[in-house]
2 protein chains.
Amino acid sequence: MEKQTITIYDVAREAKVSMATVSRVVNGNANVKQETKEKVEAVIERLGYRPNAVARGLASRRTTTIGVVIPDVTDHYFAELARGIDDVAAMYHYQIILANSDESDTKELQVLENLLSKQVDGIVFMGNLIDDGIRKEFARADVPIVLAGSVDHVSEQPSVNIDYTTAIGEATTKLLKNGHKRVAFVTGSLDHGINREFKLKGYMNALAVAGVDYDESLVLQGDYDYQSGYQIAALVQDAKATAAVVVNDEMAAGLLNGLTDAGVNVPDDFELITNNNSKIAVMTRPQMSSITQPIYDLGAVAMRMLTKLMNHEELAVKNIILPHGYIDRDSTK
Amino acid sequence: MEKQTITIYDVAREAKVSMATVSRVVNGNANVKQETKEKVEAVIERLGYRPNAVARGLASRRTTTIGVVIPDVTDHYFAELARGIDDVAAMYHYQIILANSDESDTKELQVLENLLSKQVDGIVFMGNLIDDGIRKEFARADVPIVLAGSVDHVSEQPSVNIDYTTAIGEATTKLLKNGHKRVAFVTGSLDHGINREFKLKGYMNALAVAGVDYDESLVLQGDYDYQSGYQIAALVQDAKATAAVVVNDEMAAGLLNGLTDAGVNVPDDFELITNNNSKIAVMTRPQMSSITQPIYDLGAVAMRMLTKLMNHEELAVKNIILPHGYIDRDSTK
DNA sequence: AATCACATTGTAACCGTTTGCAGTTATGCA
DNA sequence: TGCATAACTGCAAACGGTTACAATGTGATT
């Protein structure tokens, strides 16, 4: 037995007004007599009327839905970002369509296509790699798109990030100052622009400033997870590194444990700084020193920015850089 | 300069066919001559036509969107569940609207209301607490709803879970068999049905079987996060417990580190078993023994179940129980 | 009492598809 | 060749709202 869906017509009939008036009441339009308003509201309550957002979206051309493309919800960094996005979205009465992209070009494209066809009012895009296919889709989109925790030095999408280059540079410098000659840089794939164009640069800058030669064998690429970090422990030793800056907490935890299991004492024999200061950083023993990022805020600010864009407001700054910091724990001396 | 949205009319005109035919082509309807089909597809390609999912949703009354209510994306357990859901949803060409509920009644209700008004084709609900308000909304919904990793012994919503009672019971028994007289049960709020009605029961059953008296002071409630676990370390010692079953990896990690920091050696002085076997379980030192749950699968199966329901297929089993296991690591002897 | 501005309400044209039904054309078979 | 049947295709009515614009009602003003 299908439930009878009750529409704005039903309400209008019962309340003896036109559907236009009901629509006004539902949308909080001021031009309705108080008395009428109450009458309509009573009927709405009695009938249990619930506006159909799809019809509304078609008629008004706004869906109060925004699309969020995320590499993987299961990655704590992005989950936290997503949380920031969702919270301010909710605050502005937007709902979120969440789509995992797995950093795969084809999936990203497909996902964007889907979102756009769903007529989302805007998109927050997270991804380490932005290629021409994506850029083309961005250009084709008729809604605003902002990048969160993701950079593209080519296109000029609005974005919210921290200064990755400086952050990594500072961490590297700290290690260098501690006397290390061979500090490794443990990163995700260098195919990802954010790693190659920003983080690696920071690492190299720091080396240059310290007058240390860049040695490619000290740059180790993993794929952001614990396991790959654990495996890199061996590589790091092969490379005779005595310290490392790691771009991601999970990999850092893996590296730390891998080293420890191999009998290397952190921080006495090896110092390590991680990048995200997620809760993982305090779960390991020793706890990990870390660059601190306002991850949640990155998402929140990105979403706030998107609301402005959707509202056709001018942006004071198009590419926002949030401040980062550093917290000293027990993986450094 | 607003971009011109191009509609099915435009395609129809260009291809010199009716919009009905275009619609058929787009939807893969078989009753279209191959030649016509190709002609239309060429025009679609040329014009860059992209069907408007909102209009489609209104006309067809199906949105190919499903709602997912999640306590918190940032909680790895639920994130993993969500990933399972999203993957099979994508497989069946559904998109997901993700809504964080924070386990708050009001937010949950509001979120359900939103989803329903968006005309989602179905809902996967995750939450530790299901009260009458929620149940009423469930009943009022005209789309299928399935519970994932969430139980309600009152209503009879379709659901996918593991046998929490048995799982916790087994873990408790293992500890009891190891000679412990005072094993603590570290849980989330007992206001949450899943804890009180299922997990606690398992703990109590195991005690009963072993002939050990139930001591309320050994039941410690936290709020699922690392910090609360860390604090519980002191309480556990106050209660003179020598072992613990913990319902959540983050709390377990907190407890473990709290204990270690207090000079208690795990597993020699204290044994501990956690519940989710998430990646956190292997990040701690010692690594944690854990009940194993097919978390991803819980989500995947729930979503698969939902597709059947949305398809009006009969369910062989309404309340699915997936198998759990146990993995021995270094927090037990 | 006539007039005017403003507050309120109603009318009806979309929004972009899907889909039942009817019409048209092609095909198979006696 | 004639006709039933199948394969295509088009027409037009929904789907459930929003929103210009028109219409009406109201009290104030002169």
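Predicted model, so just to flag it, every value in this text is computed and none were measured. The chains referred to below are lettered A, B, ... by the order of the sequence lines, with proteins before strands, and numbering in each begins at 1.
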Which sits closer to the 5' end of DNA chain C, A:Tyr9 or A:Ser18, going by the nucleotide each is nearest to?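 Counting from the 5' end, the first nearest nucleotide belongs to A:Ser18.
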Between B:Arg62 and A:Ala20, who's closer to the 5' end of DNA chain C by nearest nucleotide?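 The residue mapped nearer the 5' terminus is A:Ala20.
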Measuring from the side chain of A:Thr5 (C-beta onward, heavy atoms only), which nucleotide among D:dG16, C:dT9, D:dG17 has the closest atom?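 From the listed options, D:dG16 comes nearest.
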Out of D:dG16, D:dC15, C:dG10, which nucleotide sits closest to the side chain of A:Ala55?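 The listed nucleotide nearest to A:Ala55's side chain is D:dG16.
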So, does the side chain of A:Arg24 form a donor-acceptor pair with the base of C:dG10 at under 3.5 Å?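 Result: at least one qualifying N/O pair found.
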Base, sugar-phosphate, or nothing for [X], non-hydrogen atoms under 4.0 angstrom?
{"X": "B:Thr7", "answer": "sugar-phosphate"}
{"X": "A:Asn52", "answer": "sugar-phosphate"}
{"X": "B:Ser23", "answer": "base"}
{"X": "B:Val17", "answer": "sugar-phosphate"}
{"X": "A:Val32", "answer": "sugar-phosphate"}

Before we go on, tell me: are the rings of A:Tyr77 and A:Tyr224 under 6.0 Å apart, centre to centre?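 No, the ring of A:Tyr77 stays outside the 6.0 Å limit from the ring of A:Tyr224, centre to centre.
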Would you check if there is a donor-acceptor pair between the side chains of B:Gln157 and B:Asp152 at a distance under 3.5 Å?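 Short answer, no.
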Going by atom types alone, do A:Thr65 and B:Lys118 pair a side-chain donor with an acceptor below 3.5 Å?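 The criterion, which ignores hydrogens and geometry beyond distance, is satisfied for B:Lys118 and A:Thr65.
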Looking only at non-hydrogen atoms, find the nearest pair between A:Ile194 and A:Gly149 and report the distance.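 Smallest interatomic distance, heavy atoms only, reads CD1-O, 3.9 Å.
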Do you know which two heavy atoms are closest between A:Ile162 and A:Pro294, and how far apart they sit?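 Scanning both residues completely, I find the closest heavy atoms to be CG2-CD, 3.8 Å.
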To the nearest Å, give me how far apart [atom1] ([X]) and [atom2] ([N]) are.
{"X": "A:Leu58", "N": "C:dT17", "atom1": "CG", "atom2": "P", "value": "9 Å"}
{"X": "B:Gln34", "N": "C:dT25", "atom1": "CD", "atom2": "P", "value": "22 Å"}
{"X": "A:Ile44", "N": "D:dG17", "atom1": "CD1", "atom2": "C1'", "value": "13 Å"}
{"X": "A:Ile8", "N": "D:dT18", "atom1": "CD1", "atom2": "C1'", "value": "8 Å"}
{"X": "B:Met19", "N": "D:dA13", "atom1": "CE", "atom2": "C1'", "value": "11 Å"}
{"X": "B:Glu35", "N": "D:dA7", "atom1": "CD", "atom2": "P", "value": "18 Å"}
{"X": "B:Arg50", "N": "C:dT17", "atom1": "CZ", "atom2": "P", "value": "12 Å"}
{"X": "B:Asn31", "N": "C:dG23", "atom1": "CG", "atom2": "C1'", "value": "15 Å"}

More 5' along DNA chain D: B:Lys33 or A:Val54, using each one's nearest nucleotide?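 Going by which nucleotide is closer to the 5' end, it is B:Lys33.
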Going by heavy atoms in the side chains, are B:Met126 and B:Ile85 under 4.5 Å from each other?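 Answer yes - side chains close enough.
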Compare side-chain N and O positions of A:Thr36 against OP1 and OP2 of C:dT9 and report whether any pair is under 4.0 Å apart.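 Result: yes.
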Return no unless some side-chain N or O of A:Arg61 is found under 4.0 Å from OP1 or OP2 of C:dC15.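 No, A:Arg61 has no side-chain N/O under 4.0 Å of OP1/OP2 on C:dC15.
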